[in-house]
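All of these numbers come straight from a predicted model, not from anything done at the bench. In this chain, numbering begins with 1 at the start of the sequence shown.
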Amino acid sequence: MVRVDGKPMDLTPARLPLRAGTYRVALAQGERTLAEETVALGEDDVRSLNRDLTAELAPAPRPTATTPASEEAPPPAATPAATSPAATAARAESPPTAEPSVATAAPTATGKGRLDVTSPGLYGEVWINNRPYGFPPLVAQGLPAGPARLEVRVNGVVKRKLTVDVVADQSTAVRIR
């Protein structure tokens, strides 16, 4: 999302007509600001902001089985859902579903798998087990085997949600319509 002076304007890539002046332009993913810059525009100026945000968009590494923290911390699927106002509003508007909760479902296998996610009909941010993974097409690697909760959020609002089985040592293709 491109924000100008704190106001969400458009998804990237974006072309924004602005009057002469000084603006604070930010690139954000959900509530997280990835890059920010002050831009001074004169009359009839055209500015391009191009940033490689690969490192900022990469999901945070998870503790491995050999890491002592994994013995004390709950599995990633058991972490509570996001508490941002947008996430709270999305949960309040969504009717309860009969889907089993990912936090209480027993994994079907041990190990790690991957999801290859595409979404030709809906462009939004993909969240897996309450963590942002970026925009499709994407590959989410190192996911724990078993059910994974997948959501597509557009401007912070959940538009699609489904549960996908991650198979250990395999890639699973997911196409979101």
Side-chain angles (χ1 to χ4, degrees), residues 1-3 11-14 26-36 49-84 86-88 90-91 94 97 99-177:
M1 175 62 68
V2 178
R3 292 189 187 133
L11 294 175
T12 62
L27 300 175
Q29 180 183 39
E31 300 296 320
R32 185 172 57 147
T33 299
L34 303 173
E36 196 168 13
L49 299 177
N50 295 307
R51 299 288 178 270
D52 180 2
L53 301 173
T54 305
E56 290 83 354
L57 291 172
R62 295 183 179 180
T64 61
T66 59
T67 305
S70 67
E71 296 171 7
E72 298 171 7
T79 57
T83 55
S84 70
T88 304
R91 281 195 308 273
S94 299
T97 63
E99 292 180 4
S101 169
V102 174
T104 59
T108 57
T110 58
K112 306 276 184 193
R114 94 181 205 185
L115 295 178
D116 295 321
V117 182
T118 59
S119 179
L122 176 67
Y123 190 72
E125 186 176 25
V126 175
W127 285 61
I128 302 172
N129 295 333
N130 295 318
R131 289 187 48 226
Y133 276 79
F135 292 84
L138 65 87
V139 176
Q141 298 182 12
L143 296 171
R149 185 175 171 159
L150 191 138
E151 295 178 343
V152 178
R153 300 179 184 185
V154 177
N155 294 330
V157 177
V158 176
K159 293 293 184 177
R160 302 279 192 283
K161 62 181 173 180
L162 59 143
T163 301
V164 178
D165 282 323
V166 176
V167 181
D169 303 319
Q170 290 187 19
S171 178
T172 304
V174 180
R175 184 178 172 120
I176 302 168
R177 298 178 190 265

Practice item. Could you go through the side chain to side chain contact (heavy atoms under 4.5 Å, CB included) check for Leu115 and Leu150 one step at a time? Key: CA-CA 10 Å; Leu115 295 178; Leu150 191 138; 4.1 Å; yes

Practice item. Can you run down the ring pair (Phe, Tyr, Trp, His ring centres under 6.0 Å) pairs that involve residues 134-177, sequence neighbours left out, and say none if there aren't any? Key: Tyr123-Phe135

**Study point:** Pairing residues for Gln29 by the side chain to side chain donor-acceptor pair (under 3.5 Å) criterion, not counting sequence neighbours
**Key:** Arg32, Glu125

Exercise for review: Tell me, please, which residues at least two apart from Ser171 pass side chain to side chain donor-acceptor pair (under 3.5 Å).
Suggested key: Arg114, Asp116

Looking only at heavy atoms, what is the nearest atom pair of [X] and [Y], with distance?
X	Y	result
Ala140	Ile128	CB-CD1, 3.5 Å
Pro136	Gly124	CD-O, 3.2 Å
Thr172	Asp165	OG1-O, 3.8 Å
Glu36	Ala26	CG-CB, 3.9 Å
Glu31	Arg3	CA-NH2, 4.3 Å
Ile176	Pro120	O-CD, 3.6 Å

Check your understanding: Rounded to the nearest 0.5 Å, how far apart are OG1 of Thr163 and CD of Glu151?
Key -> 9.5 Å

Side chains of [X] and [Y] in contact at under 4.5 Å (non-hydrogen atoms):
X	Y	answer
Val154	Leu122	yes
Val139	Val117	no
Leu143	Lys112	no

Point to revise | Asn129 (side chain) donor-acceptor with Arg149 (main chain) under 3.5 angstrom | key: yes

**Study point:** Test item: Arg160 side-chain N/O and Arg177 main-chain N/O as donor-acceptor pair under 3.5 Å
**Key:** yes

Practice item. Check the pair Leu11, Asn155 against side chain to side chain contact (heavy atoms under 4.5 Å, CB included), reporting the backbone distance first and the verdict last. Key: CA-CA 9 Å; Leu11 294 175; Asn155 294 330; 4.0 Å; yes

Exercise for review: Give the C-alpha distance, both sets of side-chain angles, the deciding distance and a yes or no for side chain to side chain contact (heavy atoms under 4.5 Å, CB included) between Thr33 and Leu27.
Suggested key: CA-CA 6 Å; Thr33 299; Leu27 300 175; over 6 Å; no

